[in-house]
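Following: one structure in structure tokens, then a few remarks.
Just so it is clear, the model here is predicted, and its values are computed rather than measured.
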Amino acid sequence: MMSIQNAARRKTAPEIFARKGGEPIVMLTSYHAHTAALVDKYCDIILVGDSLGNVMHGFETTVPVTLEMMILQGHAVMRGSKQAMVVVDMPFGSYEASKEQAFHSAARVLKETGCGGIKVEGGVRMAETIAFLVERGIPVMGHVGLTPQSINTLGSFRARGRDEADSAMILEDAKAVSEAGAFSIVVEAVAEPLGRKITESVASPTIGIGASVACDGQVLVLEDMLGLSPWAPKFVKRYGDLGPGIEKAIQDYADEVRSRAFPGPEHVYNLKPKAPK
């Protein structure tokens with residue numbers, strides 16, 4: 001009974017869906033228990049994004065990320081958080097082959113991490129799969145616009161929806177995902193008027209990343225907004241510049257070790273005094 005009560009304290013997919021047109025939804029990525037504990041205090045959703053391939057492993061794209069990697073970091077984020085809804089990205093190759101493959105992969109993620117939902121990339125082509133998952137009890141967050149897992153066919157990480165034909169296609173993608181039952185939709189790197197139009201046109205809350213302030217919420221990669229990534233896209237606002245501070249701390253540590261200034265007397269253990277006979 002206690003575990004059920006604990007789970008109920010987290011935000012849920014229906015609660016996020018009900019935020020359409022209301023208070024903006026706050027979402028950030030996290031891949032570790034300790035950052036999840038910090039993010040959890042202020043965010044409605046924590047996304048365990050496949051961007052961990054770039055941030056943690058140094059991959060050029062998210063394509064090499066595996067389901068096992070996502071489950072491992074999903075575990076960590078669930079342990080570090082208490083109140084936010086945790087959504088785990090479905091990595092490339094774990095859901096596209098069939099509705100059944102998607103269900104088995106998504107069910108494994110939910111069972112093994114305890115997270116509240118999963119995210120899949122794709123619009124019209126994924127609508128049938130999204131509906132299949134939702135009908136079987138799996139909350140799905142959609143993702144349209146720039147879809148990083150499709151980089152090998154897109155050719156570049158450029159913004160989308162900047163001409164009429166591309167814009168119409170992405171709008172249809174968003175409508176299809178919403179109608180399939182997605183509880184929210186990430187809209188990434190699209191022209192601002194399109195982000196606004198999508199938000200006005202679909203029932204699902206939209207969560208923008210380089211889209212529009214009119215979206216129902218916003219998401220950024222934590223390392224990007226903290227200044228830990230060496231490069232960040234145009235749509236990132238750096239709310240901190242932690243990279244140079246961390247490098248300075250490491251440099252100071254290395255200098256003190258080499259000069260034998262560290263450890264000092266306050267960092268070492270003394271012998272216990274002998275007990276009186």
Side-chain angles (χ1 to χ4, degrees), residues 13 16-17 27 29-31 45-57 59-78 85-154 157 160 169-170 172-189 202 204-207 209 219 221:
I16 298 301
F17 184 78
M27 183 163 85
T29 64
S30 174
Y31 322 108
I45 306 173
I46 300 176
L47 175 65
V48 185
D50 59 0
S51 51
L52 64 83
N54 313 106
V55 172
M56 293 181 64
H57 298 278
F59 296 145
E60 291 185 3
T61 73
T62 61
V63 172
V65 174
T66 66
L67 194 62
E68 288 71 25
M69 292 163 69
M70 298 307 305
I71 289 171
L72 182 64
Q73 303 315 135
H75 270 301
V77 170
M78 285 295 293
M85 180 184 186
V86 175
V87 174
V88 176
D89 257 338
M90 299 296 291
F92 178 75
S94 68
Y95 62 95
E96 297 93 338
S98 67
K99 302 188 298 292
E100 292 75 17
Q101 182 207 28
F103 177 78
H104 288 302
S105 297
R108 184 181 167 196
V109 170
L110 263 64
K111 282 174 176 286
E112 296 186 29
T113 68
C115 71
I118 56 93
K119 181 168 76 64
V120 299
E121 294 185 8
V124 171
R125 66 180 175 85
M126 288 306 302
E128 187 178 349
T129 295
I130 291 170
F132 186 85
L133 296 177
V134 172
E135 288 167 2
R136 285 155 181 78
I138 296 177
V140 178
M141 175 182 285
H143 185 149
V144 302
L146 174 61
T147 49
Q149 292 176 12
S150 302
I151 184 59
N152 289 322
T153 54
L154 293 174
F157 291 109
R160 303 288 311 281
M169 192 183 328
I170 295 170
E172 288 308 306
D173 281 341
K175 288 179 177 179
V177 168
S178 180
E179 290 167 5
F183 72 88
S184 60
I185 306 171
V186 169
V187 182
E188 180 169 358
V202 300
S204 304
T206 57
I207 301 175
I209 177 166
V219 61
V221 172

Practice prompt. Decide yes or no on side chain to side chain contact (heavy atoms under 4.5 Å, CB included) for M141 and I45, but give the supporting numbers first.
Written response: CA-CA 11 Å; M141 175 182 285; I45 306 173; 3.9 Å; yes
Taking atom [atom1] of [X] and atom [atom2] of [Y], what is their separation to the nearest 0.5 Å?
X	Y	atom1	atom2	value
M69	T62	CE	OG1	10.5 Å
Y95	E121	OH	CD	5.0 Å
L72	L67	CG	CG	11.5 Å
L52	S30	CG	OG	10.5 Å
L47	D89	CG	CG	5.0 Å

Worksheet item: Yes or no on side chain to side chain contact (heavy atoms under 4.5 Å, CB included) for I138 and F103, after CA distance, side-chain angles and deciding distance?
Response: CA-CA 8 Å; I138 296 177; F103 177 78; 3.6 Å; yes
Discussion item. Using the salt bridge (charged side-chain N to carboxylate O under 4.0 Å, His left out) criterion, which residues pair with R108? Sequence neighbours excluded.
Written reply: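 R108 satisfies salt bridge (charged side-chain N to carboxylate O under 4.0 Å, His left out) with E68, E112 only.
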Closest heavy-atom contact between [X] and [Y]?
X	Y	value
V65	G53	CG2-CA, 3.6 Å
V144	G123	CG1-CA, 4.3 Å
V221	S51	CG2-OG, 4.0 Å
L146	P148	O-CD, 3.4 Å
F59	N54	O-ND2, 3.0 Å
T147	G122	CG2-N, 4.1 Å

Is the backbone of [Y] close enough, under 3.5 Å, to the side chain of [X] for a donor and an acceptor to pair up by distance?
X	Y	result
Q149	M90	yes
E96	G93	yes
Y31	A76	no

Pair up each side-chain donor or acceptor in residues 182-189 with any protein partner under 3.5 Å, not counting sequence neighbours, and list the distances.
from : atom 1 : to   : atom 2 : distance (Å)
E188 : OE1    : H143 : NE2    : 2.9

Item to complete: For the pair V177 and S204, evaluate side chain to side chain contact (heavy atoms under 4.5 Å, CB included) and give the outcome as yes or no after the intermediate values.
Response: CA-CA 9 Å; V177 168; S204 304; over 6 Å; no
Discussion item. V86 vs T113, test: side chain to side chain contact (heavy atoms under 4.5 Å, CB included). Steps then yes/no.
Written reply: CA-CA 10 Å; V86 175; T113 68; over 6 Å; no
Using distance only, find each side-chain donor-acceptor pair of residues 126-135 under 3.5 Å and give its atom names and separation, not counting sequence neighbours.
from : atom 1 : to  : atom 2 : distance (Å)
E128 : OE2    : K99 : NZ     : 3.4

Worksheet item: Do M70 and I118 have side chains that get closer than 4.5 Å, going by heavy atoms?
Response: no
